[in-house]
Amino acid sequence: MREIPIQYQIACVILTALFIWSFSIAREPRGWRRLFQSMFSKSESFSVNKNKVIDESLKHYGIVVAMIILVADVSCFVMGVTYPFRQKLRTISPEQRDHMNEINKVQNSGNSKVLP
(Lines give C-alpha, C1' and ligand atoms only; values in the text may rest on other atoms or scores of the structure.)
Protein backbone atom coordinates (compact mmCIF):
# COMPACT_ATOMS: atom_id res chain seq x y z
CA MET A 1 0.00 0.00 0.00
CA ARG A 2 1.20 3.47 -0.79
CA GLU A 3 2.03 6.00 1.87
CA ILE A 4 -0.31 8.71 3.02
CA PRO A 5 0.80 12.04 1.47
CA ILE A 6 2.74 14.35 3.78
CA GLN A 7 0.07 17.07 3.65
CA TYR A 8 -2.48 14.73 5.20
CA GLN A 9 0.03 13.49 7.78
CA ILE A 10 0.87 17.03 8.90
CA ALA A 11 -2.80 18.00 9.05
CA CYS A 12 -3.63 14.91 11.12
CA VAL A 13 -0.83 15.62 13.60
CA ILE A 14 -1.88 19.27 14.00
CA LEU A 15 -5.57 18.42 14.32
CA THR A 16 -4.83 15.67 16.86
CA ALA A 17 -2.77 18.10 18.95
CA LEU A 18 -5.56 20.70 18.77
CA PHE A 19 -8.11 18.07 19.78
CA ILE A 20 -6.08 16.99 22.81
CA TRP A 21 -5.50 20.60 23.85
CA SER A 22 -9.15 21.65 23.48
CA PHE A 23 -10.37 18.51 25.24
CA SER A 24 -7.96 19.12 28.13
CA ILE A 25 -9.31 22.66 28.45
CA ALA A 26 -12.86 21.30 28.49
CA ARG A 27 -12.00 18.74 31.19
CA GLU A 28 -10.18 21.14 33.52
CA PRO A 29 -11.38 24.67 32.70
CA ARG A 30 -10.45 26.15 36.08
CA GLY A 31 -6.71 25.82 35.58
CA TRP A 32 -6.83 27.27 32.11
CA ARG A 33 -9.05 30.14 33.25
CA ARG A 34 -6.67 30.93 36.11
CA LEU A 35 -3.70 30.90 33.74
CA PHE A 36 -5.49 33.25 31.35
CA GLN A 37 -6.61 35.56 34.17
CA SER A 38 -3.13 35.70 35.67
CA MET A 39 -1.71 36.74 32.30
CA PHE A 40 -4.34 39.18 31.07
CA SER A 41 -6.74 40.17 33.84
CA LYS A 42 -6.52 42.61 36.72
CA SER A 43 -6.73 41.15 40.20
CA GLU A 44 -9.39 43.69 41.22
CA SER A 45 -12.04 42.20 38.93
CA PHE A 46 -12.33 38.92 40.90
CA SER A 47 -15.83 37.44 41.14
CA VAL A 48 -16.63 33.87 42.19
CA ASN A 49 -19.93 33.78 40.29
CA LYS A 50 -18.35 35.22 37.16
CA ASN A 51 -15.54 32.67 37.32
CA LYS A 52 -18.04 29.83 37.77
CA VAL A 53 -19.95 30.96 34.69
CA ILE A 54 -16.69 31.19 32.73
CA ASP A 55 -15.72 27.67 33.82
CA GLU A 56 -19.09 26.26 32.74
CA SER A 57 -18.86 28.05 29.38
CA LEU A 58 -15.34 26.77 28.81
CA LYS A 59 -16.47 23.23 29.55
CA HIS A 60 -19.46 23.43 27.20
CA TYR A 61 -17.76 25.16 24.28
CA GLY A 62 -14.52 23.25 24.79
CA ILE A 63 -16.27 19.94 24.27
CA VAL A 64 -18.11 21.24 21.19
CA VAL A 65 -14.88 22.57 19.67
CA ALA A 66 -13.02 19.35 20.54
CA MET A 67 -15.66 17.24 18.80
CA ILE A 68 -15.58 19.43 15.69
CA ILE A 69 -11.79 19.12 15.58
CA LEU A 70 -12.07 15.35 16.06
CA VAL A 71 -14.47 15.06 13.10
CA ALA A 72 -12.09 17.13 10.96
CA ASP A 73 -9.17 14.96 12.10
CA VAL A 74 -10.93 11.70 11.22
CA SER A 75 -12.06 13.14 7.87
CA CYS A 76 -8.50 14.18 7.09
CA PHE A 77 -7.24 10.72 8.00
CA VAL A 78 -9.81 9.02 5.76
CA MET A 79 -8.98 11.40 2.91
CA GLY A 80 -5.29 10.56 3.32
CA VAL A 81 -5.87 6.81 3.36
CA THR A 82 -8.12 6.92 0.29
CA TYR A 83 -5.87 9.34 -1.64
CA PRO A 84 -4.07 6.66 -3.72
CA PHE A 85 -7.36 5.05 -4.72
CA ARG A 86 -8.89 8.40 -5.69
CA GLN A 87 -5.83 9.24 -7.77
CA LYS A 88 -6.03 5.88 -9.50
CA LEU A 89 -9.69 6.48 -10.40
CA ARG A 90 -8.81 9.85 -11.92
CA THR A 91 -6.34 8.26 -14.34
CA ILE A 92 -8.81 5.67 -15.65
CA SER A 93 -9.99 6.27 -19.21
CA PRO A 94 -13.73 6.59 -19.97
CA GLU A 95 -13.73 3.16 -21.67
CA GLN A 96 -12.21 1.51 -18.62
CA ARG A 97 -14.70 3.32 -16.38
CA ASP A 98 -17.62 2.07 -18.52
CA HIS A 99 -16.21 -1.46 -18.39
CA MET A 100 -15.91 -1.26 -14.57
CA ASN A 101 -19.49 0.01 -14.30
CA GLU A 102 -20.74 -2.90 -16.42
CA ILE A 103 -18.88 -5.39 -14.24
CA ASN A 104 -20.36 -3.82 -11.11
CA LYS A 105 -23.88 -3.97 -12.61
CA VAL A 106 -23.47 -7.66 -13.47
CA GLN A 107 -22.14 -8.44 -9.98
CA ASN A 108 -24.93 -6.49 -8.30
CA SER A 109 -27.63 -8.14 -10.41
CA GLY A 110 -26.11 -11.56 -9.66
CA ASN A 111 -26.11 -10.82 -5.92
CA SER A 112 -29.71 -9.62 -5.93
CA LYS A 113 -30.88 -12.85 -7.64
CA VAL A 114 -29.21 -15.01 -5.00
CA LEU A 115 -30.97 -13.27 -2.14
CA PRO A 116 -34.68 -14.11 -1.75
Relative to each other, are the rings of Trp21 and Trp32 parallel, tilted or perpendicular (30° and 60° limits)?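 Correct class here is perpendicular.
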Take Arg34 and Asn51, measure what side chain to side chain contact (heavy atoms under 4.5 Å, CB included) needs, and give me the verdict at the end. CA-CA 9 Å; Arg34 286 180 178 167; Asn51 289 341; over 6 Å; no
Strictly distance-based, threshold 3.5 Å: is any side-chain N or O of [X] a donor or acceptor partner for the main-chain N or O of [Y]?
{"X": "Glu28", "Y": "Ile25", "answer": "no"}
{"X": "Asn108", "Y": "Asn104", "answer": "yes"}
{"X": "Arg86", "Y": "Met79", "answer": "yes"}
{"X": "Arg97", "Y": "Leu89", "answer": "yes"}

With the 4.5 Å side-chain cut-off for hydrophobic clustering, are [X] and [Y] part of the same group?
{"X": "Val74", "Y": "Met67", "value": "yes"}
{"X": "Leu35", "Y": "Leu58", "value": "yes"}
{"X": "Ile54", "Y": "Tyr61", "value": "no"}
{"X": "Ile14", "Y": "Val71", "value": "no"}
{"X": "Val65", "Y": "Ile68", "value": "no"}

How long is the gap from [atom1] on [X] to [atom2] on [Y], to the nearest 0.5 Å?
{"X": "Leu70", "Y": "Phe19", "atom1": "CG", "atom2": "CZ", "result": "4.5 Å"}
{"X": "Asp98", "Y": "Glu95", "atom1": "CG", "atom2": "CD", "result": "7.0 Å"}
{"X": "Ile4", "Y": "Ile10", "atom1": "CD1", "atom2": "CD1", "result": "12.5 Å"}
{"X": "Met100", "Y": "Lys105", "atom1": "CE", "atom2": "NZ", "result": "13.0 Å"}
{"X": "Tyr83", "Y": "Lys88", "atom1": "OH", "atom2": "NZ", "result": "15.0 Å"}

Would you name the heavy atoms of Glu3 and Gln9 that are closest together and state the gap between them?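 In this case the closest contact between Glu3 and Gln9 is OE1-NE2, 4.3 Å.
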Give the minimum heavy-atom separation between Cys76 and Cys12, together with the two atoms involved.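 Looks like SG-SG, 3.7 Å.
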Given the rule in the side chain to side chain contact (heavy atoms under 4.5 Å, CB included) test, do Lys59 and Arg27 qualify, once you have shown the distances and angles that lead to the verdict? CA-CA 7 Å; Lys59 186 172 278 198; Arg27 277 193 41 86; over 6 Å; no
Give the C-alpha distance, both sets of side-chain angles, the deciding distance and a yes or no for side chain to side chain contact (heavy atoms under 4.5 Å, CB included) between Phe77 and Leu15. CA-CA 10 Å; Phe77 178 76; Leu15 287 170; over 6 Å; no
Test side chain to side chain contact (heavy atoms under 4.5 Å, CB included) applied to Asn49 and Val53, step by step: CA-CA 6 Å; Asn49 291 334; Val53 169; 5.6 Å; no
